[in-house]
Amino acid sequence: MSDSPKALNFIEHIIEEDLKNGFSKNALRFRFPPEPNGYLHIGHASSICLNFGLGEKYNAPVNLRFDDTNPAKEEQEYVDAIKRDVHWLGYNWDTERYSSDYFQQLFDWAVDLIKANKAYVDSQSSEEMAIQKGTPTEPGINGPYRNRTVDENLELFQAMKDGKFQEGEHVLRAKIDMASTNMLMRDPIIYRVLHSAHHRTNTDWCIYPMYDWTHGESDYIEQVSHSLCTLEFLPHRELYNWFLDQIIDKNKVRPKQREFARRNLSHTVVSKRKLLKLVEEGVVNGWDDPRMPTISGLRRRGYTPESIRNFADTIGIAKRDNLIDVSLLEFHVREHLNKVAPRVMAVLDPLKIVIINYPEGEVEWLSAENNPEDNLAGYREVPFSRELFIEKADFREVANKKFFRLKLGKEVRLKNGYIIKAESCTKDEHGNVIEVQCTYDKKSKSGSGTAESLRKVKGTLHWVSTKHAIEAEVRLYDRLFTDESPDTHKDKDFMDFVNPESLESITGYLEPSLKDAKPLHRVQFQRLGYFCVDKESTNEKLVFNRTVGLRDSWAKIEQKK
RNA sequence: UGGCCCAUGGUGUAAUUGGCAACACUCCGGUUUUUGGUACCGUCAUUCAAGGUUCGAGUCCUUGUGGGCCAACCA
């Protein structure tokens with residue numbers, strides 16, 4: 001965005017250091033490596049922005065690589081959704097890759113490993129292997145198959161590939177050190193037998209490589225210079241390097257794995273398992289429910305790619321545990337929408353007012369500014385008539401000086417319209433005000449330039465003409481969880497913190513200019529908040545989602561009482 | 001009872017690599033305003049603790065404390 005010198009994060013420091021030590025800027029290359037087994041969420045957005053942001057900063061290519069080594073969990077549907085979301089965020093990958101593209105190369109290298117006596121076929125159950133593996137505080141011991149001959153290993157591995165065995169009968173393990181303080185170095189499994197079809201290679205393979213064997217070698221094949229992942233992979237780095245050492249050509253770029261802390265957002269969860277549970281138990285209506293922290297949910301809620309990118313940029317990247325308050329995300333949508341969202345008037349909790357000195361049957365079309373923050377946004381016309389809706393909260397029979405909205409005997413300005421005075425009101429049998437009778441100052445029309453129109457009146461209200469108003473379903477969303485970190489309580493399940501009031505669906509009354517609004521159209525309902533037309537919206541039945549409310553200092557004053 | 005990682009306002013990141021702790025959000029207070037919005041101004045820290053090295057330590061060293069990660073044929 002700006003060219004002003006910006007503080008570097010620790011990853012950028014590492015890259016700058018590499019550059020300083022002679023690494024060629026042209027050899028810089030990054031990748032975003034999702035597993036296609038779920039939808040992308042706000043946490044992924046941070047990683048996407050980091051990797052693609054680095055690509056933009058250094059003018060380096062960034063691959064989109066699907067880490068698809070587990071055919072049991074991965075599907076084409078997710079591949080498509082991930083590609084759509086990355087594009088929507090505004091990024092373009094250099095090439096689209098799949099770890100499965102490298103299955104043959106990975107197999108060949110595994111054979112080399114066996115020939116070098118650095119891998120062997122183990123034929124025990126996973127339980128037996130787990131016992132021999134030891135614990136973080138006790139070393140493991142060598143298993144009975146560890147010293148099979150190279151020829152026997154070669155033969156068995158080939159037979160595994162040829163489908164001669166059932167799942168679980170044999171695995172290929174790297175021969176490293178069963179006593180290592182790093183559990184991952186205790187002869188990690190690199191291949192397992194899996195008789196399931198893969199979304200890309202179908203039934204070509206019945207053995208599949210494990211993550212550790214695949215990831216670093218894939219980085220190497222793609223000549224990725226800096227392979228960035230989250231902190232829980234830090235102990236994997238030693239193994240990542242060990243695997244690289246077995247195959248590295250000194251003339252090629254050696255990928256470097258570095259780890260950063262995953263970003264945690266308050267009042268939500270992001271694990272795929274938990275998100276899935278919310279969907280399956282019907283707490284939300286699908287992966288793109290506007291309350292979900294998924295990219296598709298945020299999009300449907302009305303968030304803009306820019307706001308998410310700015311958010312990611314602001315929170316930065318580091319190595320310590322964190323819990324970022326959603327209010328920061330909300331700040332960034334408001335900041336962007338304030339600049340680009342057209343202003344319109346809508347009344348969500350209507351109270352009828354009648355302007356008793358305004359001619360019956362008369363309609364005036366008043367000019368209204370579309371966006372005071374954007375002088376290219378122009379003007380539109382809104383109809384004014386004798387009967388209007390205002391918000392119930394904007395009228396009180398009596399109130400103190402701090403309440404500068406409509407009260408009996410006092411004046412208020414109608415946005416883009418006239419100054420009115422409340423004269424009287426009528427109530428139902430319960431004492432609820434159901435109508436307010438007002439008079440208007442005919443010379444006070446907004447924009448007319450008259451002395452009356454320039455009068456200082458403290459309050460300005462939004463409104464809609466009752467007979468011109470169009471009805472719409474308006475979905476008011478709130479945080480999905482009442483707790484800021486719902487899944488970190490030892491004694492409580494995150495489901496216990498689901499906010500029962502996360503969705504309130506009401507009927508709103510909109511100015512007629514919104515009649516043909518199409519899905520994903522974003523507007524500001526003046527004095528209320530930012531709203532976005534939902535994908536379920538039609539011309540017959542408009543549906544709006546509240547993206548986020550406006551900051552409301554009046555609500556704060558009220559709360560203090 | 002092992003190994004590794006981390007510790008800077010309420011929150012998230014900075015600090016020219018040993019030289020006046022900065023930016024954003026939130027909160028609170030104020031100015032402007034035909035959105036109680038926006039914009040603008042102001043308040044909010046002896047950098048986890050204790051020692052040490054140094055003219056000088058958020059930064060280096062030691063110890064402690066607190067938090068996290070590691071025992072899937074997941075990634």
Side-chain angles (χ1 to χ4, degrees), chain A residues 5-9 13 33-35 37 67-70 72-74 122 125-126 129-131 133-140 167-173 180-184 186 189-194 207-208 210-212 214-215 229-238 259 261 263 266 272 311 313-325 327-332 334-335 338-339 343 345 369 372-373 402-405 413-417 419 446-447 453-462 484 524-529 549-558:
Chain A
K6 198 168 170 291
L8 302 182
N9 62 47
H13 278 297
E35 181 189 10
N37 71 341
D67 221 336
D68 56 349
T69 57
N70 188 351
K73 303 200 313 197
E74 296 149 5
D122 199 333
S125 67
S126 57
M129 283 190 273
I131 292 166
K133 199 163 185 179
T135 70
T137 54
E138 305 160 50
E167 294 183 9
E169 273 190 76
H170 305 281
V171 292
L172 185 70
R173 302 177 74 176
S180 171
T181 53
N182 183 348
M183 295 292 289
L184 288 154
R186 323 244 261 226
I189 292 170
I190 55 185
Y191 269 97
R192 77 282 212 194
V193 175
L194 244 33
I207 56 172
Y208 290 91
M210 300 289 288
Y211 166 84
D212 288 296
T214 308
H215 204 93
C229 59
T230 46
L231 228 38
E232 69 267 27
F233 288 96
L234 197 152
H236 293 247
R237 188 151 114 194
E238 190 180 0
E259 312 80 13
R263 326 303 310 180
S266 77
K272 286 171 187 164
F311 169 73
D313 198 43
T314 303
I315 62 180
I317 209 78
K319 296 177 81 166
R320 49 178 164 164
D321 293 341
N322 58 79
L323 182 62
I324 299 146
D325 201 295
S327 64
L328 187 59
L329 216 208
E330 292 172 344
F331 163 78
H332 283 284
R334 287 194 189 102
E335 183 190 47
N338 175 51
K339 293 281 190 294
R343 272 58 170 171
M345 293 196 286
E369 189 177 18
E373 304 290 321
K402 282 192 162 178
F403 184 82
F404 32 87
R405 279 120 101 132
R413 186 187 303 276
L414 293 178
K415 181 80 183 169
N416 307 311
I419 294 171
S446 288
S453 73
L454 297 173
R455 254 161 55 213
K456 291 288 171 200
V457 179
K458 190 62 180 165
T460 300
L461 308 185
H462 62 277
E484 66 169 12
Q524 181 196 93
F525 287 174
Q526 280 188 115
R527 300 211 304 137
L528 296 174
L550 253 28
R551 273 180 56 208
D552 190 350
S553 42
W554 170 242
K556 281 173 190 163
I557 293 168
E558 285 282 274

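Just so it is clear: chains get the letters A, B, ... in the order the sequence lines come, proteins before strands, and each one is counted from 1.
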Looking at every heavy atom in both [X] and [Y], which two are closest together, and how far apart are they?
| X | Y | result |
| --- | --- | --- |
| A/Tyr211 | A/His236 | CE2-ND1, 4.2 Å |
| A/Ile317 | A/Arg263 | CA-NH1, 3.6 Å |
| A/Leu414 | A/Ser446 | O-OG, 4.3 Å |
| A/Ala261 | A/Lys319 | CB-C, 3.7 Å |

**Study point:** Polar pair under 3.5 Å, donor/acceptor by atom type, side chain A/His332, base B/rA24
**Key:** no
Between [N] ([atom2]) and [X] ([atom1]): distance, integer Å:
| X | N | atom1 | atom2 | result |
| --- | --- | --- | --- | --- |
| A/Asp313 | B/rC25 | CG | P | 14 Å |
| A/His236 | B/rC70 | NE2 | C1' | 8 Å |
| A/Glu167 | B/rC73 | CD | P | 13 Å |
| A/Leu323 | B/rU26 | CG | C1' | 13 Å |
| A/Arg186 | B/rA71 | CZ | P | 11 Å |
| A/Leu328 | B/rA24 | CG | P | 12 Å |
| A/Tyr208 | B/rC74 | OH | P | 13 Å |
| A/Phe233 | B/rC69 | CZ | C1' | 12 Å |

Compare all side-chain heavy atoms of A/Met183 with those of A/Lys133 and state whether any distance is below 4.5 angstrom.
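They are in side-chain contact.
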> Taking the six-membered ring for Trp, are A/His332 and A/Phe311 parallel (under 30°), tilted (30 to 60°) or perpendicular (over 60°)?
Replying inline: perpendicular
Quick tally for nucleotides 28-39 of chain B: nucleotides whose base has a protein heavy atom under 4.0 Å get B, sugar-phosphate-only ones S, the rest -, giving SS----BBBBS-
Once base and sugar-phosphate atoms are separated, protein heavy atoms under 4.0 Å mark nucleotides 14-21 of chain B, 5' to 3', with B, S and - as SS-B----
| request: May I ask you to evaluate whether A/Arg263 reaches the phosphate of B/rU11, defined as a side-chain N or O under 4.0 Å from OP1 or OP2? | output: no
message = With rounding to the closest Å, how many angstrom separate the C1' atoms on B/rU32 and B/rC41?
response = 11 Å
Quote, to the nearest angstrom, the C1' distance that separates B/rU1 from B/rC70. 15 Å
To the nearest 0.5 Å, atom CD of A/Glu558 lies from atom NZ of A/Lys402 at 9.5 Å
Interatomic distance, CG@A/Leu172 vs CE@A/Met210, rounded to 0.5 Å, equals 11.5 Å
For the side chain of [X] and the backbone of [Y], is there at least one donor-acceptor N/O pair under 3.5 Å apart?
| X | Y | value |
| --- | --- | --- |
| A/Arg186 | A/Ser180 | yes |
| A/Glu74 | A/Asn70 | yes |
| A/Arg334 | A/Gly529 | no |

message = What's A/Met129 touching, base or sugar-phosphate or nothing? Going by heavy atoms closer than 4.0 Å.
response = base
* Asked: With sequence neighbours excluded, what pairs up with A/Ser126 under the side chain to side chain contact (heavy atoms under 4.5 Å, CB included) test?
  ->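 Per chain and number, A/Ser126 pairs via side chain to side chain contact (heavy atoms under 4.5 Å, CB included) with no residue.
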Listed pairs, N/O of protein and of nucleotides 1-5 of chain B, under 3.5 Å:
residue, atom, partner, partner atom, Å
B/rG2, N2, A/Pro136, O, 3.4
B/rG2, N3, A/Pro136, O, 2.7

Taking for A/Lys73 and for A/Asp325 the nucleotide of RNA chain B with the nearest heavy atom, the one nearer the 5' end belongs to A/Asp325
Base-paired stretches in RNA chain B with three or more consecutive Watson-Crick or G-U pairs, both distances under 3.5 Å, amount to B:2-7 with B:65-70, B:10-13 with B:22-25, B:28-31 with B:39-42, B:48-52 with B:60-64
- What form does the base of B/rU43 take, syn (within 90° of 0) or anti?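 Glycosidic conformation of B/rU43: anti.
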message: If we count only N and O atoms by modelled type, under 3.5 Å, do the side chains of A/Ser327 and A/Asp325 hold a donor and an acceptor together?
response: yes
So if I take every side-chain heavy atom of A/Asp321 and compare against B/rG67, B/rA75, B/rG12, which nucleotide ends up nearest?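 Per side-chain heavy atoms of A/Asp321, the pick is B/rG67.
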List, with names and distances, any nitrogen or oxygen atoms from the protein found under 3.5 Å away from nitrogen or oxygen atoms belonging to nucleotides 58-61 of chain B.
none

